[in-house]
2 protein chains.
Amino acid sequence: MNKGTLKYIAKELGLSASTVSRVVNGKYEGNEKTKQRVLDALEKHSYIPNEVARSLQKSSTETIAVVLPDISETFFGTIVKEIENEVSDSGYMLILADTHEKAEKERKYLDILYKRRVDALVLATIDSSGDAVSKFIANDIPVVFIDNIPKLDGISAITIDNKKAGQIAVDYLLSCGHRQIATIIGSTSETTGADRLAGYCSALSDNNIEKNDSLIKFGDYKLDSGYKAMCELLDNRNKAPFTAVFVTSEQMTYGALRAIRDRSLNVPDDISVIGFDIHNLKDDRRQMITTIRQPEDVIGKNVGELLLKYLSENDTAKEETRIFLEPFLQKGDTVKKL
Amino acid sequence: MNKGTLKYIAKELGLSASTVSRVVNGKYEGNEKTKQRVLDALEKHSYIPNEVARSLQKSSTETIAVVLPDISETFFGTIVKEIENEVSDSGYMLILADTHEKAEKERKYLDILYKRRVDALVLATIDSSGDAVSKFIANDIPVVFIDNIPKLDGISAITIDNKKAGQIAVDYLLSCGHRQIATIIGSTSETTGADRLAGYCSALSDNNIEKNDSLIKFGDYKLDSGYKAMCELLDNRNKAPFTAVFVTSEQMTYGALRAIRDRSLNVPDDISVIGFDIHNLKDDRRQMITTIRQPEDVIGKNVGELLLKYLSENDTAKEETRIFLEPFLQKGDTVKKL
DNA sequence: ATTATAATAGCAAACGTTTGCAAAAGGTGG
DNA sequence: CCACCTTTTGCAAACGTTTGCTATTATAAT
């Protein structure tokens, strides 16, 4: 028999594994002396329970899966940190999967994570169908979406109000005197992109400005697509003039800024730019990019709290929860007052 | 008996669990027809193996623990991403622990991770004693250190050459004509801080410049300590004048810059600054902080490769491996040529 | 037809726990 | 001294797999 196991220690003491187990878990109700004996033996062997065996028996791994498109982004890093901070006291740990923004990888990971019997799932999906999570939902494993929300009923999600994000951005540009406002949108097949575009449109129409479709370009959230979209906008500038552009992802913002610079144009004198999710460096000393921000820390905290709530209700069906947090404007130096 | 298990499906087929298990794992050598029958049944029930049970039986969880002081830092985020990228094809997943730069939390997490029987450990420790990892090492669980290296024999580590980092920084400042160079060091009780300081000192002495202890300040890697250290340097500036400062962590660099700005001094005209681990924004358009950088992606990739190597040598003792990668200088606009 | 051999499938132990139930031991009162 | 009640401990099944060995059956060789 293997050393270091409950059984082994039990045998050495001439006791049963049951007794030792109960002592280990503080459920022992017997004689004080034997309790002490067991405790001493545990100490002597520096006994460490095998959580794998425990998980099998209890059918609960105390593990929460977090599936994200890119952990190296500060946005997701902060969310992960806050979730971890929230759930760690209850003994849960995080298992991490980075999908590299690939739907295929996402599906593969979700399959593996299901096999691994994680207790809950946090998912920043890029697969709007939501197919791959059905197994989780069918088996009452709590799922919380962040960022994109798939078109499914009865799911929980914590994100910002992306429509409002678009409105705030455009309203600010309007308040600075801009009237011809372009935008670069990520894929509209997911909610984040679609909603941000909706916000852009509604802010314009609320101010009786007609939407101009040639001022709306689409990308894929990545840097190159932002660059390309910006080039198209600039190439078409005499037909469809604009003084400001609202870019809806961090990487696309960098791409757009680079495109502008490559044409030797100046920000904000020639073109004003408002970005998204830009984490300006914290020395607040140098030129900063004006940006829409999401409260990542609050998102993470809320996700953690919701998970703990779900995980403590062991039996009942989880009630759908949707929280939409407020995006906010962080003013910088890339928008010019006209 | 529970539905969806091997046993259940086996019973339904009138076969034994062994047979079904072997089919599932591609180890079946029997009759083609029964193989098909089993396959069909698996398909029909959409059988999903329970990895927890598997782990218990195989005493291997296919899980690698990554313990870090702060996952929201791009530096660590990138390392994690690269490790994950490297090991995921082999079926390993990452379990993440954020120690919030607290030795106590680190110890607690290491205990838990040991219980959870992770197959390997990546550790950016802040506890130079290395006590908490002894269990892992004693049980032949591969451990790879990044960032700090504790004072232990026979351990593997992948970091940069921190002494060289200090030298590069100081050499660059010297080449720009600076002769009075201050530095702000993180704790010297860990290797990163101590080595960077050693590099600073050796670069000075190599150039026959006498070290001035009042130009060496210590912090704890965090922003406030950088601010405070910089204030002390500035307050003492007529007694111990300097034209440049080398700050050895990202957060302390921001703190130092802020302190300089709060005194209405200009960077780089009044004081030149060279930072550490600064991730300048990628639009390469605006003023950037001159900084020493580490090749996080290479570090992560190397860690992943080493782990896979260790994990494939199931029996033999793991040979100690130490890789010191090259830090590099990223020139920005915060160092003035005198 | 008999025996040797190969092909096929199952038994049962093992991995390390937890826990409902039952048994043994000890104690109390009549 | 017996019946009964507590207290203390153990049995054994369960969680869902994997795998060495063995048993059965089919096939081939003599």
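So that the names make sense, note that chain A is the first sequence line, chain B the second, and so on, each numbered from 1.
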Run the side-chain donor-acceptor check on residues 90-99 of chain B: report pairs under 3.5 Å with partners two or more places apart or on a different chain.
from    : atom 1 : to       : atom 2 : distance (Å)
B/Asp98 : OD1    : A/Lys81  : NZ     : 3.1
B/Asp98 : OD1    : B/His100 : N      : 2.9
B/Asp98 : OD2    : A/Lys81  : NZ     : 3.1
B/Asp98 : OD2    : B/Ile71  : N      : 2.9
B/Thr99 : OG1    : B/Leu68  : O      : 3.2
B/Thr99 : OG1    : B/Glu101 : N      : 3.4

Item to check | Pairing of B/Glu12 and B/Lys44 as salt bridge, 4.0 angstrom limit | outcome: yes
Next on the checklist: Looking only at side-chain N and O atoms, does A/Asp119 offer a donor or acceptor that is under 3.5 Å from a partner on A/Ser60?
Outcome noted: yes
Item to check | Residues A/Glu104 and A/Arg107 bridged, charged N to O under 4.0 Å | outcome: no
Item to check | Base versus backbone protein contacts along nucleotides 16-24 of chain D [heavy-atom cut-off under 4.0 Å; B, S, -] | outcome: BBBBB----
Item to check | Protein-nucleotide distance (B/Leu15, atom CG; C/dG10, atom P), rounded to Å | outcome: 5 Å
Checklist entry - Going by atom types only, do B/Ser55 and B/Glu62 share a side-chain donor-acceptor pair under 3.5 Å? => result no
Checklist entry - Is B/Glu29 touching bases, backbone alone, or none of the nucleic acid, heavy atoms closer than 4.0 Å? => result sugar-phosphate
Checklist entry - Across the strands shown, which category fits A/Thr34 at heavy-atom distances under 4.0 angstrom: base, sugar-phosphate, nothing? => result sugar-phosphate
